[in-house]
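This is the structure I have questions about; it appears just below.
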There are 2 protein chains.
Amino acid sequence: MNMGIERISSGDLGESMGLTASQIRQDYSCFGEFGQQGYGYNVVRLRAELATILGMEQKHTAIVIGVGNLGRALMENFHFESYGVVLTGGFDLNPALHGKIFGDVEIFPLECLKSFVKENPVSIAVLAVPQAVAQPLTETLSKLGIQGLWNFTNVEVKPCDSATMIVENVHFSDSLLALSYMISEEGDGTK
Amino acid sequence: MNMGIERISSGDLGESMGLTASQIRQDYSCFGEFGQQGYGYNVVRLRAELATILGMEQKHTAIVIGVGNLGRALMENFHFESYGVVLTGGFDLNPALHGKIFGDVEIFPLECLKSFVKENPVSIAVLAVPQAVAQPLTETLSKLGIQGLWNFTNVEVKPCDSATMIVENVHFSDSLLALSYMISEEGDGTK
DNA sequence: TAGATTGTTAATCGATTAACAATC
DNA sequence: TAGATTGTTAATCGATTAACAATC
């Protein structure tokens, strides 16, 4: 996407991201001085700087564990590449899925996980399995030396003590409860 | 789920939720005194109090807009009922889906949205459509008087100015970038 | 009574906002 | 030069943590 915009001010940037201009400037200044007084930020330069900071040039690799509807939705619709992540495989128990291709990426049997990870370095595992197997799989993944777990199971999971895997949770339920609560408050006259 | 536990202390509760005991006690005390010194919190009482506070007794109703893989995953696998929300319909453009049932809930043509909402009060719309149509649909939904939008599109959307619809975003991308960043930091020696 | 654990106050921390000199 | 907009400092705000008297 190229909208032909060369420069952008912290104010505009903030508005389009739902943040204040102050917040933008303060955050960016933690990493260096990308802007110019009286001018703003050069879009191309800014993008490059941010890519570096976020480690997007590092080309992390990811695999999807559990290819149900959610796993499949992520494989087909989520633009991993836009965030510097290359999806290299999907894993599922269901034999009907093995060999299938979703979003350019093949689905393998779960038994192949260990050997796959040995041959292809994997930095991130996307966990989209039923809750019952979330914890054991987390332990397996952490033992395989995977660095990050992107957890979509709505369950708290814990890597093995010996491992340093970082867990990032996407807890739908927290988000829905927050929304329910805000709706109820709204009509309340509370606040 | 009943694990036969009658009472629980703020410490245990916090540990299992990844919060501190202080945090638990302070949060609960905003809404009243549910606990007893030297005893802790009665699990049954606590659950009842929290249900009230979170408005779960309010039985919000929800519809899913866009029944691709993600919409379908939510309809089939996410336990709306556990959070006091009743799913009453799904909507999609694709005629092949019309009349299908996912997770007990029927899929209707998008054209029927307006009349459906008039006949069945809907408090929450779950937005799981392609990014290109996210904004126009948001405006439509806000005009229909829907109170909350649960936004899965990874795009910022804005209701009509005249409407009071609350938007709760589930931005996968923020979460993935955060994970990428943490992984890169990890090995760095930074920090 | 002694031990446990609350509710609440005060202290700490971090994040957001406001303000403004520096300067393009 | 005048206007715009940064980077940075200081002020504000809210959320988390620590501490402890109250009390079951």
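Note on naming: letters A, B, ... go to the chains in the order of the sequence lines (proteins, then strands), and numbering restarts at 1 for each one.
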Exercise. Mind calculating the distance between CG (B:Leu13) and P (C:dT5) to the nearest angstrom?
Key: 13 Å
Self-check item: Whole angstrom value for the distance that separates C1' of D:dA4 from CD1 of A:Ile8
Solution: 15 Å
Practice problem: Check the angle between the aromatic planes of B:Tyr41 and B:Tyr28 and answer parallel, tilted or perpendicular using the 30° and 60° thresholds. | Solution: perpendicular
Quiz prompt | Considering all heavy atoms, the nearest B:Leu13-B:Ser16 contact | solution = O-OG, 3.1 Å
Quiz item: Hey, what else clusters with A:Met165 if you join Ile, Leu, Val, Met, Phe, Trp, Tyr whenever side-chain heavy atoms sit under 4.5 Å?
Solution: A:Ile63, A:Ile65, A:Phe91, A:Leu93, A:Phe108, A:Leu110, A:Leu113, A:Phe116, A:Val117, A:Val122, A:Leu127, A:Val129, A:Val133, A:Leu137, A:Leu141, A:Leu144, A:Ile146, A:Leu149, A:Val157, A:Val167
Quiz item: Strictly by modelled atom types, are B:Thr153 and B:Gln131 linked by a side-chain donor-acceptor pair under 3.5 Å?
Solution: no
Quiz prompt | Closest non-hydrogen atom pair, A:Cys160 against A:Lys143 | solution = SG-CE, 3.5 Å
Quiz prompt | Residues touching DNA chain D, which here means a heavy atom under 4.0 Å, drawn from residues 28-36 of chain B | solution = B:Gln36
Quiz item: Any side-chain donor paired with an acceptor under 3.5 Å for A:Gln147 and A:Ser123?
Solution: no
Quiz item: Whole Å only: how far is the CD1 atom of A:Ile24 from the C1' atom of C:dA15?
Solution: 14 Å
Quiz item: What is the distance from CG of A:Asn42 to P of C:dC24, rounded to the nearest Å?
Solution: 16 Å
Quiz prompt | In one Ile/Leu/Val/Met/Phe/Trp/Tyr side-chain cluster, 4.5 Å: B:Met17, B:Leu50 | solution = yes
Exercise. Spell out protein contact along nucleotides 16-23 of chain D as letters: B when the base is contacted, S when just the sugar-phosphate is, - when no protein heavy atom is under 4.0 Å; keep the 5' to 3' order.
Key: BBBBB-BB
Quiz item: Is a salt bridge present between B:Arg45 and B:Glu49, judged by a nitrogen-to-oxygen distance below 4.0 Å?
Solution: yes
Quiz item: Between atom CG of A:Leu19 and atom OG of A:Ser10, what is the distance when rounded to the nearest 0.5 Å?
Solution: 11.0 Å
Practice problem: Could you let me know what D:dT12 is paired to, Watson-Crick or G-U wobble, both distances under 3.5 Å, or none if it's on its own? | Solution: C:dA15
Self-check item: Interatomic distance, B:Arg45 CZ vs D:dC24 P [rounded to whole Å]
Solution: 14 Å
Self-check item: Strand partner of D:dT6, provided both Watson-Crick or wobble distances fall under 3.5 Å
Solution: C:dA21
Exercise. Report yes if a side-chain nitrogen or oxygen of B:Ser10 is closer than 4.0 Å to either non-bridging phosphate oxygen (OP1 or OP2) of C:dT6; otherwise report no.
Key: yes
